[in-house]
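Note that these values count all heavy atoms, side chains included, but never hydrogens, waters or copies made by symmetry. Proteins come first, then strands; the chains are lettered A, B, ... in the order of their sequence lines, and each starts at number 1. Please read all numbers here as calculations on a predicted model, not as lab measurements.
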Amino acid sequence: MKTYRLGTDQLPFDLDLTLECGQVFRWQRTGNQWNGIVAENVVMISQDGEILTYDGMNEADLVRYFNLDLNVQEIISKIRASIAVYSGDTESHNDLQFEAAAATGSGLRIIRQEPWECLISFICSQNSNIPTITKRISLICERYGRPLGKKRFGFPSPADLAEREEMELRTCSTGYRASYLSGTAQYIIRNPDILSHIANCSIEDAKRELMKFPGVGPKVADCVLLFAYNRYEVVPVDVWIRTIITSLYPEVRNRRCNRKECSYNDIANFCREYFGSFAGYAQQYFFAARQDLSLSKDHIDERSDQPL
DNA sequence: ATCCAGGTACCCA
DNA sequence: TGGGTACATGGA
């Protein structure tokens, strides 16, 4: 059992929020303690203020996995600066919507997840809620992952999944996503270097490559870019973020989507312009605060009654 | 019971 | 290029 003391430039850090916010689905909580698997290692970690107590990984890997070297206070400052530039007010502009979300989410850290696990996880995520996704992934690991002792399992490799028939993968509550899982696993078997190649691509090329995988569209690709490749300017747009952004920032509506629903890129591009190079972090703060925000999902219908 | 959830593929104009 | 729809599952 080891300890790690967070320095002032590594705070705020909220372990619970970080592991519960829907970026990773393999950690289990028992009281204050979290148990998970990182790179086939059984890991435990708990937090008491600025002290992390952990086991199963070394300090360098802990820092790397949780991106502890990233200064979150600076990130929030940079987001504020971008908002100010966008708003044309470099002195006193204050975005209370963002500040409220950041107050809720500031201890959240985007972790450095393994691309393969992240890819499979978010293929499983589509059109599902977080408890369902978690259950699905734990079934997949239990059935096809390497046993690591006391009901713990590694994440199955591409080969582990590629050799399964679609109907077998369906027994993991994956539904129609089963064909995407085997298809993506087979794609990786045919292109064994693709995931490391993507790490060196531009964002545009990386996204294009990811979307060649069966079952990977813009949203899943963006989640992998943000949560595994740590491209912090990327903004995955799910139904929550769509509702939040269109409700809180009506200026997202432009000529193209004034009388209809904004497209995926309308929302993602607005966020990138508005929140800047850490838009993905801003997005995570809003996602973390999604339950607290009182939002109407009917804003589009309300507007569409009005003449141009 | 109904609606909805960290969406995508496919079809059609 | 953009809009409509089927798709499986389980939580609230």
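- With contacts defined as side-chain heavy-atom distances shorter than 4.5 Å, the pair R26(A)/F155(A) qualifies.
- Near DNA chain B, meaning a heavy atom under 4.0 Å from it, residues 124-133 of chain A has S125(A), Q126(A), N127(A), S128(A), N129(A), I130(A) in order of number.
- R272(A) and Q283(A) are not linked by any side-chain donor-acceptor pair at a separation below 3.5 angstrom, with hydrogens and angles left out of the test.
- In this structure, the side chains of F122(A) and E117(A) stay at 4.5 Å or more apart for every pair of heavy atoms.
- A donor-acceptor pair is defined here as one N or O able to donate and one able to accept, closer than 3.5 Å; such a pair exists between the side chain of Q73(A) and the backbone of T8(A).
- You'll find the side chain of Y144(A) reaches within 4.5 Å of the side chain of R164(A), heavy atoms only.
- In this structure, Y176(A) places its OH atom 8 Å from P of dG7(B), rounding to the nearest Å.
- Separation of the F227(A) and Y232(A) ring centroids does not fall under the 6.0 Å cut-off.
- For the 3.5 Å distance criterion, the side chains of Y274(A) and N269(A) fail to qualify, holding no donor opposite an acceptor.
- From the 5' end on, the contacts that DNA chain C makes with chain A at under 4.0 Å to a non-hydrogen atom open and close at dG2(C) to dG11(C).
- Rounding to whole angstrom units, CG of residue L181(A) and P of dG7(B) are separated by 15 Å.
- For the residue pair R112(A) / N67(A), a side-chain donor-acceptor distance below 3.5 Å is found, with atom types taken as modelled.
- The side chain to side chain donor-acceptor pair (under 3.5 Å) analysis of residues 173-190 of chain A, with sequence neighbours excluded, yields the pairs S128(A)-R177(A).
- A donor-acceptor contact under 3.5 angstrom links the side chains of S263(A) and D266(A), judged on distance only.
- Atom CD of Q291(A) is separated from atom C1' of dA5(B) by 11 Å (rounded to the nearest Å).
- Within 4.0 Å (heavy atoms only), V237(A) reaches no atom of the nucleic acid at all.
- Using a 4.0 Å cutoff on non-hydrogen atoms, no part of residues 160-174 of chain A comes near DNA chain B.
- When side chains are defined from C-beta on, Y281(A) does not count as touching I76(A), because their heavy atoms never get closer than 4.5 Å.
- With both ends at atom P, the span from dC11(B) to dA8(C) equals 15 Å, rounded to whole Å.
- Residue Y264(A) is classed as having no contact, given no heavy-atom separation below 4.0 Å to the nucleic acid.
- Residues meeting the side chain to side chain contact (heavy atoms under 4.5 Å, CB included) test with A279(A), sequence neighbours left out: V235(A), F275(A).
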Mind listing the N/O atom pairs, protein and nucleotides 9-11 of chain B, below 3.5 Å?
residue: dA9(B); atom: OP1; partner: G215(A); partner atom: N; Å: 2.9

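- Proximity of T3(A) to L52(A): side-chain heavy atoms (C-beta onward) are nowhere separated by under 4.5 Å.
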